[in-house]
Asks: 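Mind having a look at this structure? Questions to follow.
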Amino acid sequence: MDMKANKKLGLKERYALMTRDLEWDTTYEPMDKVFPCTSYEGIKIHDWDKWQDPFRLTMDAYWKYQAEKERKLYAIIDAFNQNNGHLGVTDARYLNAVKLFIGAVPHLEYMAFRGFSHLGRQMVGAGPRVACLMQAIDELRHYQTQIHSISNYNKYYNGMHDFANQMSRVWYLSVTKSFFDDAYTSGPFEFMVAIGFSFEYVLTNLLFVPFISGAAYNGDMAAMTFGFSAQSDEARHMTLGLECIKFMLEQDPDNLPIVQRWMDKWMHRGARILGVIGMMMDYMLPKRVMSWQEAWEAYYEQNGSALFNDLARYGIRPPKVGQLAAFEKEHISHQLWAGFYQYGALTSFHTWIPSDEEMDWLSSKYPNTFDKYYRPRWEYWKEEAKQGRRFYNKTLPMLCQTCQIPLLFTEPDDPTQISYRDTEYKGEHYHFCSDGCKEIFEHEPEKYIQSWLPAHQIVQGNSFNPGTDPTAPDFDVVGAVFQHYNMQHGRDNLDFDGSEDQKNFAAWRAAATKN
Amino acid sequence: MAVSALRTYVFEPADAEKNFHGLRIVYVGWDKHLMFASPFMLAVTPDSSFGDLVAKNLADAYGAHPDFAKVDWSKVEWLKNSQPWTPDFGKSVDANGIRHKDLLRFRTPGLAGIGGKDI
Amino acid sequence: MSNAFIAFQKNDETRSIVEAIIADNPNAIVNEQPGMVKVDVPGRLTIKRQTVSDLMGRDFDLQELQIHLITISGHLDETDDEFTLSWNS
């Protein structure tokens, strides 16, 4: 018989039929009333059909592969938990990186879910709408799997019990919250540059690759599993972010200055946030994969230069933050950990002085800066702690109006001088950590005058539980704030040395290896 | 510039002085003393004396540093919002011209921090 | 020339995928890290369905890459037979 069966449809045809072909223009209502959000930012789009979808993933294939990822993930999580995997991590200090992660990251995922759901409704073309829908579902999956994976640690260790409420209350979490609030309250194209491009394409490698590889290196199969499972979605997200940039730049030359400004803004904001990952990599992982400086050079400077060289044909120049970061990559992790160390009475995780061996590792990785600027601090604090005077700074810090991080970064030309910037707007005085944060404010001051700065909110009386009387004669401000944070003093905070986590981990590990 | 938005976008500043129940926010930074990771946010009444701000608030904030007890306040160099400035210790915060959210920096020549390393 | 790259979780399936990349991209540089493997190729990186299928000993659909991917760098083009990452400059 030479009757030929119909050839199975190819990937491109399948995608065209099952995604793009489902699109129609509205007739009862004008398109710009149905999609009101895609023009007010000033981005000009002439032909939505020019949008490219390189992955060509259809919804049915999406469900199939996502289901497979979930099955793998939960099988591993079950096995890890059934086997008391938490006792296999290198050292209980490692768990503090997990605490910081659960405090900050699931919320970001959830906000990304909300943001991409909004875009999945508001973008005009079927291609971007479907890609945004998939990404929204991915982000919700990341939020859930991170919480599920880490919930097992919460059964044994302190500080992870109330991450959902702490997000909108705790001083250092306001940094991450304000980042996503800023993105989420932007228009759809700015959100795409902020999250789809700057965060997903350029910076996510610095969050997930070294950190999750670090989790693997430190025996944390739970974090490794959700991390890699989440990361398997990221390549699709990165592609969406890059396609959106190319699409905007190809559609109209007037889009270039807007896109460039957003890139400058969001690469700056992203780099500010990711300094914390640098601190985790350099100080919090008992076994280190690579230094923050090495990660920045590999994933931002090298990979980023490939990207920005490529985008140069549209007139895009590399984001301004590159120059600042070229200096800060040798300083930022040390400055941040020194900050958390001294404010360690106000955190839901433990802090500590690096061991002698760890300081030697830092010297070798940071030959220009560690011995000269940072080791002397640790040596002094070590001596103080030995004398029973572990240093806790109890005075509230001055915060940057834009990124909300305490002003702890130094001048690019002088690592011994704090970097101060300020401006006036409508008779009020505002302060910043850097030129980048100041420029962001000055472009949209009405947005950032609303910043919920935790130190100010405490003085305004907005960080106490109902019924608290701040005018009482013996009022303990820090204690009242701690109650509102739902943290337990002496248990969730303070130095790792002497903590309940340290004792429990040692006792349980001993019990796991002998009778 | 105005915020790109679908509707009018105007807001009250979250940190106007009236929101602080009679207190005024004053930022203070001790240059070249990086044992303190960042400058501080102090909240004081505008009619409190500048001398009290130094004797109480700064002593609370910076007292843990071994240099602090050695500071000769008559020799301290002050900057208010980056401009050289001389406070009157006997006058109030307000009479010294310190507005809400102003930044005071002080330098202590001869005190170079722990180990002489600006810490 | 800029590198295009791809990184996978390290497992039995990606062992064959990485071998296929090495076979089809003579300039591939393999970098093993804890739990993951990253492959860089100057300019252009191609994964061919047929090569992966041959090395795995079963039919392979390039969209299965979705399950193992960690990150990519470069412009992507995907068809039934080839998955390509490249930089123009």
Side-chain angles (χ1 to χ4, degrees), chain A residues 8-12 14-15 52-58 61-62 64-66 68-69 72 201 204-205 208-210 212-218 221 224-225 227-236 238-239 242-243 246 287 289-290 298-299 302-313, chain C residues 1-14 17 21 27 29-50 59-89:
Chain A
K8 200 178 145 204
L9 289 175
L11 187 60
K12 284 182 184 175
R14 220 160 52 234
Y15 179 78
Q52 298 289 323
D53 311 275
F55 264 117
R56 302 185 185 104
L57 192 67
T58 53
Y62 172 79
K64 182 174 120 187
Y65 292 118
Q66 295 306 97
E68 177 69 19
K69 290 178 190 178
K72 284 182 68 167
Y201 198 91
T204 191
N205 279 324
F208 277 104
V209 179
I212 298 302
S213 202
Y217 214 34
N218 283 278
M221 204 195 278
M224 182 192 74
T225 303
F228 280 154
S229 187
Q231 195 65 25
S232 68
D233 299 338
E234 304 292 346
R236 191 154 30 75
M238 293 161 78
T239 306
L242 182 58
E243 287 308 320
K246 291 195 288 190
K287 268 176 82 176
V289 180
M290 58 169 87
Y299 289 107
Q302 287 166 30
N303 189 32
S305 74
L307 171 68
F308 290 110
N309 286 342
D310 194 84
L311 294 176
R313 69 197 144 109
Chain C
M1 190 189 293
S2 301
N3 284 352
F5 71 67
I6 192 162
F8 297 107
Q9 302 174 47
K10 211 183 282 177
N11 59 38
D12 207 47
E13 303 243 298
T14 58
I17 299 167
I21 298 174
N27 296 322
I29 306 149
V30 178
N31 179 355
E32 307 252 355
Q33 288 172 30
M36 60 174 266
V37 52
K38 177 167 173 271
V39 191
D40 283 64
V41 183
R44 183 180 194 85
L45 182 159
T46 305
I47 304 176
K48 295 184 179 166
R49 186 186 59 78
Q50 192 58 51
D59 283 342
F60 181 76
D61 182 332
L62 283 171
Q63 291 203 325
E64 289 180 54
L65 291 173
Q66 300 279 346
I67 296 169
H68 311 292
L69 271 180
I70 290 175
T71 180
I72 57 173
S73 173
H75 299 287
L76 171 67
D77 189 56
E78 188 182 5
T79 65
D80 287 302
D81 296 317
E82 288 193 357
F83 178 105
T84 303
L85 293 164
S86 64
W87 291 116
N88 296 313
S89 53

Asks: Just jot down the ring pair (Phe, Tyr, Trp, His ring centres under 6.0 Å) partners of His68(C), sequence neighbours excluded, or say none.
Replies: none

Asks: Using non-hydrogen atoms only, which part of Leu57(A) is less than 4.5 Å away from chain C: side chain, backbone, both, or neither?
Replies: both

Asks: List the steps, then state whether side-chain contact (heavy atoms from CB on, under 4.5 Å) holds for Lys12(A) with Thr79(C).
Replies: CA-CA 7 Å; Lys12(A) 284 182 184 175; Thr79(C) 65; 4.1 Å; yes

Asks: Please identify each residue that fulfils salt bridge (Lys or Arg N to Asp or Glu O under 4.0 Å) with Asp12(C), with sequence neighbours left out.
Replies: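 Per chain and number, Asp12(C) pairs via salt bridge (Lys or Arg N to Asp or Glu O under 4.0 Å) with Arg15(C).
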
Asks: What option among Met36(C), Glu64(C), His75(C) has the most heavy-atom pairs under 4.5 Å with chain A?
Replies: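 Option with the top pair count is His75(C).
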
Asks: If you take all heavy atoms of Ile72(C) and Met238(A), which pair is closest and at what distance?
Replies: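 Residues Ile72(C) and Met238(A), closest heavy atoms: O-CE, 2.9 Å.
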
Asks: Any idea how Phe5(C) and Tyr299(A) line up, ring-wise: parallel (<30°), tilted (30 to 60°), or perpendicular (>60°)?
Replies: perpendicular

Asks: Quick check: closest heavy atoms across Ser229(A) and Gln9(C), and the distance to 0.1 Å?
Replies: N-NE2, 4.4 Å

Asks: Take Lys72(A) and Asn11(C) through the test side-chain contact (heavy atoms from CB on, under 4.5 Å) and record every step on the way to the result.
Replies: CA-CA 12 Å; Lys72(A) 284 182 68 167; Asn11(C) 59 38; 3.9 Å; yes

Asks: Sequence neighbours left out, what passes side chain to side chain donor-acceptor pair (under 3.5 Å) with Gln231(A)? Give chain and number order.
Replies: none

Asks: Tell me, yes or no, whether the heavy-atom count around Phe60(C) atom CZ, taken from other residues, nucleotides or ligands under 6.0 Å, exceeds 12.
Replies: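 For Phe60(C), atom CZ is crowded (more than 12 foreign heavy atoms under 6.0 Å).
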
Asks: Restricting to non-hydrogen atoms, name the atom on Gly74(C) and the atom on Tyr201(A) that form the minimum distance, rounded to 0.1 Å.
Replies: N-OH, 3.1 Å

Asks: Does any heavy atom of chain A fall under 4.5 Å from the side chain of Asn31(C), the backbone, both, or neither of them?
Replies: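 No part of it gets close to chain A.
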
Asks: Between the side chain of Ser213(A) and the main-chain N/O of Pro34(C), is any donor-acceptor distance below 3.5 Å?
Replies: yes

Asks: Is it the case that the side chain of Asn88(C) and the backbone of Asp310(A) share a donor-acceptor pair, with hydrogens and angles ignored and the cut-off at 3.5 Å?
Replies: no

Asks: Taking only heavy atoms into account, what residues of residues 39-47 of chain C are found under 4.5 Å from chain A?
Replies: none

Asks: Do you know the tightest heavy-atom contact between Phe55(A) and Leu69(C)?
Replies: CZ-CD1, 4.3 Å

Asks: Keeping the roles fixed (side chain from Arg56(A), backbone from Glu78(C)), state whether a donor-acceptor pair exists under 3.5 Å.
Replies: yes

Asks: By a 4.5 Å heavy-atom criterion (distance strictly below it), what part of Thr239(A) contacts chain C: side chain, backbone, both, or neither?
Replies: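 Contact with chain C is through the side chain of Thr239(A) alone.
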
Asks: Count the heavy-atom pairs under 4.5 Å between each of Lys64(A), Lys246(A), Arg14(A), Met290(A) and chain C, then report the option with the highest count.
Replies: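 Top count of heavy-atom pairs under 4.5 Å with chain C: Lys246(A).
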
Asks: Ile67(C) and Lys69(A): which non-hydrogen atoms are nearest, and at how many Å?
Replies: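 For Ile67(C) versus Lys69(A), the nearest heavy atoms are CA-CE, 3.9 Å.
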
